[in-house]
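Since we're looking at a predicted model, the values are computed, not measured. Whatever order the structure lists them in is the order used to number ligands and atoms, beginning at 1.
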Amino acid sequence: MFVLRQCLTLGTKSSVRNFAAATNLVNVKINEDTGVVIMELNKPPVNSLNYELLEAMHRTLVKLENERCSGMILTSSSPNTFSAGLDLLEMYKPTVDKARKFWGMLQNTWIKLYSAPYPTVAAINGHSPAGGCLLAMSCEYRIMVPKKKIGLNETQLGIVAPQWFQDCMKNIIGSRQAEKALIAGTLFSSEEAAKIGLIDELATDKEDLMKKAHDFMDEQLGLPPLARSTVKIGFRKDTLNRLINSREVDTKYFIDFIFQPKVQESLEMYLQALKKK
Ligand SMILES: CCCCC/C=C\C/C=C\CCC/C=C/C(=O)SCCNC(=O)CCNC(=O)[C@H](O)C(C)(C)COP(=O)(O)OP(=O)(O)OC[C@H]1O[C@@H](n2cnc3c(N)ncnc32)[C@H](O)[C@@H]1OP(=O)(O)O
């Protein structure tokens, strides 16, 4: 399979097709020979997840259901950041309608990504805090470049990682490690994340990152797809159903939480600190 991939990469015939996207917020390429898709988040400078970016991701994931997609590598076009997490401006002084629409699209996107039947790899080529970490944790396998930060740091901002964010972390690093990390809002270095299993592999650089992502994909493509996806969904169904069965309550928690004056104050201070950096 590795040889096949090399041939496809080096060969004269281009088998890679740009996947028609209605927006340039995501770059999507499908290798027509292998069916492997690369989805690159492309909202400079830091891929903050606003409604439009989430909608573009969601639309792509829906479209992939009708394509011959055998696997997906999620990465970013930003030189330094995989994703800075949820766009803080979506939570700072929104209207209730806007906040509700935003949260609904985040839930939609997560459900699609977390339940994708094909193998998914996060090629984490930069920092990945909070919602960025959620995206990475929703993939099946995580590979990260050195010396970047990843984690659910919400507590540090005066906000709370929702239950399903927490569940994703627990499923990966275990309940005790997750509890400590979530209470403290720890951002782990890539190296620390590899030690606790939050990421599966450390890459030496960006080239190595993509090579390792393709290696993982090659291994997965050698497995019977139905058996593979049945086991995957079996592992994920409780976490998925927990949100699917309580979407409305989860949205209400979000709205009630962010509209608190203290939370708005924390967000304002954090946004100012980011601007002053
Ligand atoms: C169990 C029951 C629970 C009940 C609770 C219910 C509900 C809970 C309520 C709410 C839950 C919300 C969950 C939230 C999740 C999130 O994802 S919040 C976002 C957290 N993100 C961060 O903390 C990251 C902040 N950003 C950074 O640390 C850095 O930007 C960086 C990613 C490390 C990149 O650094 P650098 O390359 O140096 O880039 P700059 O810092 O200079 O940033 C460039 C510009 O981008 C702006 N920006 C950065 N991040 C964001 C963001 N997340 N949103 C919006 N904008 C962002 C930054 O201000 C710069 O802007 P200017 O160029 O200065 O205009």
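The closest non-hydrogen atom to atom 48 (N) of ligand 1, taken over V46, N50, V249, L89, comes from V46. Counting heavy atoms only, V160 comes closest to atom 8 (C) of ligand 1 of the residues D250, V160, I258, L157. When the heavy atoms of L274, L106, L267 are ranked by distance to atom 30 (O) of ligand 1, first place goes to L274. Compare F257, Y253, Y270 by their heavy atoms: the one nearest to atom 9 (C) of ligand 1 is in F257.
Proximity to G85 (heavy-atom distance under 4.0 Å) selects the following atoms of ligand 1: 17 (O). Of all the atoms in ligand 1, the ones that sit under 4.0 Å from a non-hydrogen atom of G131 are 16 (C), 17 (O).
Of all protein heavy atoms, the one lying nearest to atom 20 (C) of ligand 1 is A130 CB, 3.5 Å. The protein non-hydrogen atom at the shortest distance from atom 7 (C) of ligand 1 is F254 CA, 3.7 Å. Closest protein heavy atom to atom 45 (C) of ligand 1: P45 CG, 3.7 Å. Among all non-hydrogen protein atoms, the one lying nearest atom 37 (O) of ligand 1 is N80 ND2, 2.8 Å. Ranking protein heavy atoms by distance to atom 2 (C) of ligand 1, first place goes to Q163 N, 4.4 Å. Counting only heavy atoms of the protein, atom 15 (C) of ligand 1 lies nearest to E154 OE2, 3.3 Å. For atom 64 (O) of ligand 1, the closest non-hydrogen atom of the protein is K275 CD, 3.8 Å. Looking only at heavy atoms of the protein, atom 31 (C) of ligand 1 is closest to T81 OG1, 4.3 Å.
Within the 4.0 angstrom cut-off, atom 23 (O) of ligand 1 has one or more protein heavy-atom neighbours. Atom 60 (C) of ligand 1 is never approached by the protein to below 4.0 angstrom, counting heavy atoms only.
No donor-acceptor pair closer than 3.5 Å links the side chain of T75 to the backbone N or O of E40. In this structure, R17 contributes its side chain and K29 its backbone to no donor-acceptor pair below 3.5 Å. At least one donor-acceptor pair closer than 3.5 Å links the side chain of T23 to the backbone N or O of L25. Put simply, the side chain of R242 never gets that close to the backbone of Q163: no donor and acceptor are under 3.5 Å apart. In this structure, K206 contributes its side chain and P79 its backbone to a donor-acceptor pair below 3.5 Å.
Checked by distance only, ligand 1 and A84 come closer than 3.5 Å through their nitrogen or oxygen atoms. The distance criterion of under 3.5 Å between nitrogen or oxygen atoms is met by L88 with respect to ligand 1. When only interatomic distances are considered, the shortest N/O to N/O separation between S48 and ligand 1 does not fall below 3.5 Å. Residue L86 has at least one N or O atom closer than 3.5 Å to an N or O atom of ligand 1. Residue H127 has no N or O atom closer than 3.5 Å to an N or O atom of ligand 1. Looking at Q166 next to ligand 1, no N or O pair under 3.5 Å apart turns up.
Of all the heavy atoms of N153, the ones lying under 4.0 Å from any atom of ligand 1 belong exclusively to the side chain. Residue contacts with ligand 1 for Q156 are absent, since no atom lies close enough (heavy atoms, distance under 4.0 Å). With a 4.0 Å heavy-atom cut-off, ligand 1 is reached by the backbone of D87 and by its side chain too. In K277, the part holding a heavy atom less than 4.0 Å from any atom of ligand 1 is the side chain.
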I'd like a table of donor-acceptor pairs (distance under 3.5 Å, sequence neighbours excluded) in which one partner is a side-chain atom from residues 168-184, with atom names and distances.
| unit_1 | atom_1 | unit_2 | atom_2 | d |
| --- | --- | --- | --- | --- |
| N171 | ND2 | Y114 | OH | 3.2 |
| N171 | ND2 | D167 | O | 3.3 |
| N171 | ND2 | T239 | OG1 | 2.9 |

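Contact check for E191 versus L202: side-chain heavy atoms found under the 4.5 Å cut-off.
Between the side chains of S48 and K43, a donor-acceptor pair is found at a separation under 3.5 Å. In this model, no donor atom of one side chain and acceptor atom of the other lie less than 3.5 Å apart for N47 and S78.
Of the charged side-chain nitrogens involved, at least one lies within less than 4.0 Å of a carboxylate oxygen, so that E248 and R100 count as a salt-bridged pair. A salt bridge links D208 and K212; the closest N-O separation between the charged side-chain nitrogens and carboxylate oxygens is under 4.0 Å.
Within a 6.0 Å radius of OH in Y253, no more than 12 heavy atoms belonging to other residues, nucleotides or ligands are found. The environment of CD in E207 is sparse: at most 12 heavy-atom neighbours from other residues, nucleotides or ligands sit within 6.0 Å.
Classification of the F254-F102 ring pair by plane angle, with boundaries at 30° and 60°, yields tilted. Taking the six-membered ring where the residue is Trp, W164 and W110 present tilted rings, their angle falling between 30° and 60°.
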